[in-house]
Amino acid sequence: MPLHQGPDASPPERERRLALNPFYGAADPIGGMTDAPPRHELPDGPLPPMSAYQLVHDELMLDGNSRLNLATFVTTWMEPQAGVLMSECRDKNMIDKDEYPRTAELERRCVAMLARLWNAPDPAAVVGCSTTGSSEACMLAGLALKRRWAKRNSDRYPATARPNLVMGVNVQVCWEKFCEFWEVEPRLVPMEGGRFHLDAESAAALCDENTIGVVAVLGSTFDGSYEPVAEICAALDALQERTGLDIPVHVDGASGAMVAPFLDEDLVWDFRLPRVSSINTSGHKYGLVYPGVGWALWRSPVELPEELVFRVNYLGGDMPTFALNFSRPGAQVVAQYYTFLRLGREGYRAVQQTSRDVARGLAERIEAMGDFQLLTYGNQLPVFAFTTAPDVTSFDVFDVSRRLREQGWLVPAYTFPANREDLSVLRVVCRNGFSVDLAGLLIEDLTRLLPELRSQPRPFTHDRDAATSFHH
């Protein structure tokens, strides 16, 4: 079935004539408002701007409230000044670096700031770029890993060797897309018992001469936990001593790379580990910027093969670029620089600590209800996962998610992947803007719903695929 396929049937003519409020007319409340524009083809003529705005605005009222969306990691609140800057830069094409040199300079400064934040031994040697998000950044990092491996194995590839990438089954779906799009075998370490992410021993065990790299996730989307990057690197160091295999590590820090530097300064996960060749993060997650900006950084030019960097003579300037996308607005990069400038290290530390404190406090209050069992407590990412207690048989996590949605809360319920398909959980993401007061309102609504859930004869949500709102 094609993506975004529209329905075949159009509303009856009588309903179409009633689709527009007469007051949407520009001047005459009844003139020219007898027929609504078609929904799945271009209308024959234009509408007044206010009429077009109101039609779209009214339909979007049925979207969920982003501030109450506890499923998403994406930033849902910024200061008004950031919004003004973004509106001033939304018409600037990031790729036109010759035409918008100051926007290009702000991008370069952001890369330099991240290189120092992630403890690069030589920040001046780091190469990096902005992207539309972590998915694109991961694709770029994966391409660099594959190309470096292919050059080392040019006598065997592509004739007899098939590259593989080792990672936990909990990785974000963009890594599965990378493997599918660029013909790399995904070697996924399943979950086992109480281990819900990649561990060092399992990672090293799956590596061989065809492994292009290991992906370590600093902040799993399933439960908010950090993977042990330093332990994984140590296991790969030992593997190299035994076998001679030199396997690089990419750290997917989509969320954690903008949390750990401020709250977990003693945790060694970044460029301090010589085996870490590249890191990505989402500026639009805990980088505190509206969607769509991400960042990809490589330790040095050695880790980013030169043939992946395109130098384009574009509109009069020599422009090196190594992003997958070409044209995109400069607004998000400007907003990232504004946020770095606005908060600094101490400001980021305060914001992320507040989010972690809210997460931990909310997790404790949910656990105290007695109906739920916590898997994580929000003490790494400000994210925690929980399931129903073993003695709860009248409802399940899908019932809880469905009933909370009735109150406006979007709390995803989902089943874990192999080998823990038996475990279904709810997950709460606490972001900047989700305050203690909002957490208290969530507790009030959950407390009000529990008597009804407890009185059910059995769980009511049969179609679990329809029940879940976790798709990332």
Side-chain angles (χ1 to χ4, degrees), residues 59-77 170 196 220-225 355 357-378 381-417 420-472:
E59 188 159 349
L60 291 176
M61 286 167 53
L62 296 176
D63 270 348
N65 184 330
S66 64
R67 293 285 297 281
L68 301 182
N69 183 358
L70 302 184
T72 185
F73 286 79
V74 171
T75 295
T76 55
W77 182 88
N170 57 298
F196 303 125
S220 172
T221 60
F222 280 87
D223 62 359
S225 61
S355 294
D357 290 345
V358 170
R360 293 171 66 175
L362 183 57
E364 292 170 1
R365 294 176 72 179
I366 289 175
E367 185 178 47
M369 292 177 172
D371 297 83
F372 302 103
Q373 179 178 326
L374 272 291
L375 275 68
T376 50
Y377 288 81
L381 285 190
V383 174
F384 63 94
F386 60 102
T387 187
T388 49
D391 59 342
V392 172
T393 58
S394 57
F395 64 92
D396 60 17
V397 295
F398 300 97
D399 288 327
V400 177
S401 178
R402 174 175 51 82
R403 294 303 307 277
L404 285 174
R405 182 180 282 266
E406 294 172 3
Q407 309 301 315
W409 299 103
L410 304 178
V411 181
Y414 53 94
T415 301
F416 271 22
R420 288 307 313 267
E421 296 97 329
D422 59 305
L423 179 60
S424 297
V425 304
L426 294 148
R427 188 201 65 198
V428 172
V429 178
C430 297
R431 308 176 305 279
N432 183 39
F434 183 68
S435 63
V436 170
D437 288 344
L438 284 174
L441 293 175
L442 174 64
I443 289 293
E444 288 179 14
D445 284 337
L446 184 56
T447 302
R448 192 161 43 244
L449 291 173
L450 276 176
E452 296 179 33
L453 292 169
R454 292 167 182 154
S455 66
Q456 294 180 177
R458 55 175 173 75
F460 284 164
T461 307
H462 302 296
D463 185 356
R464 295 193 170 187
D465 289 335
T468 184
S469 53
F470 176 75
H471 299 292
H472 53 84

Are any side-chain N or O atoms of T415 and backbone N or O atoms of E421, one a donor and one an acceptor, separated by less than 3.5 Å?
no

When every non-hydrogen atom of R448 is compared with those of E452, the smallest separation belongs to O-OE2, 4.5 Å

Nearest heavy-atom contact between A71 and N69 is N-OD1, 2.9 Å

At their closest point, which heavy atom of S355 faces which heavy atom of N432, and how far apart are they?
OG-N, 3.5 Å

Tell me whether the centres of the aromatic rings in F222 and F196 are closer together than 6.0 Å.
no

Is the closest side-chain heavy-atom distance between V392 and Q373 below 4.5 Å?
no

Side chains of S424 and F398, heavy atoms from C-beta outward: is any pair under 4.5 Å?
yes

Min side-chain heavy-atom separation R402-F460 under 4.5 Å
yes

Can you tell me how far the CH2 atom of W409 sits from the CG atom of L442, to the nearest 0.5 Å?
5.0 Å

Would you compute the distance between atom CG of L453 and atom CG of D371 and round it to the nearest 0.5 angstrom?
8.5 Å

Apply the side chain to side chain contact (heavy atoms under 4.5 Å, CB included) test between F372 and each candidate in T387, L450, V397, V425; give the one that qualifies.
L450

Heavy-atom pair with the smallest gap, counting every atom of G440 and R365
CA-NH1, 4.0 Å

Rounded distance [0.5 Å steps], CG in L438 versus CZ in R67:
6.5 Å

Measure across D396 and P459 and return the closest heavy-atom pair with its distance rounded to 0.1 Å.
OD2-CB, 3.5 Å

Which residue, V411, I366, T388, forms the side chain to side chain contact (heavy atoms under 4.5 Å, CB included) with L426?
V411

Side-chain contact, heavy-atom cut-off 4.5 Å: F384 with L362?
yes

E59 atom CD, over 12 foreign heavy atoms within 6.0 Å:
no

Can you tell whether the side chains of D357 and R360 come within less than 4.0 Å, N to carboxylate O?
no

If you look at every heavy atom in A359 and V383, which pair is closest and at what distance?
CB-N, 4.2 Å

Rounded to the nearest 0.5 Å, how far does SG of C430 lie from CG of L70?
7.0 Å

May I ask you to decide if T221's main-chain N or O and R427's side chain share a donor-acceptor pair within less than 3.5 Å?
yes

Rounded to the nearest 0.5 Å, what separation is found between the CD atom of Q407 and the CG atom of L441?
11.0 Å

Show, in sequence, the C-alpha distance, side-chain angles and deciding distance for R405 and L410, and conclude whether the side-chain contact (heavy atoms from CB on, under 4.5 Å) test is met.
CA-CA 5 Å; R405 182 180 282 266; L410 304 178; 3.5 Å; yes

Distance only, no hydrogens: is a donor on one side chain within 3.5 Å (strictly under) of an acceptor on the other, for D223 and S225?
yes

Taking C-beta and beyond as the side chain, do R431 and T75 meet within less than 4.5 Å on heavy atoms?
no

Is any side-chain heavy atom of E367 closer than 4.5 Å to one of F386?
no

Please lay out, stage by stage, how F395 and L449 fare under the test side-chain contact (heavy atoms from CB on, under 4.5 Å).
CA-CA 11 Å; F395 64 92; L449 291 173; over 6 Å; no

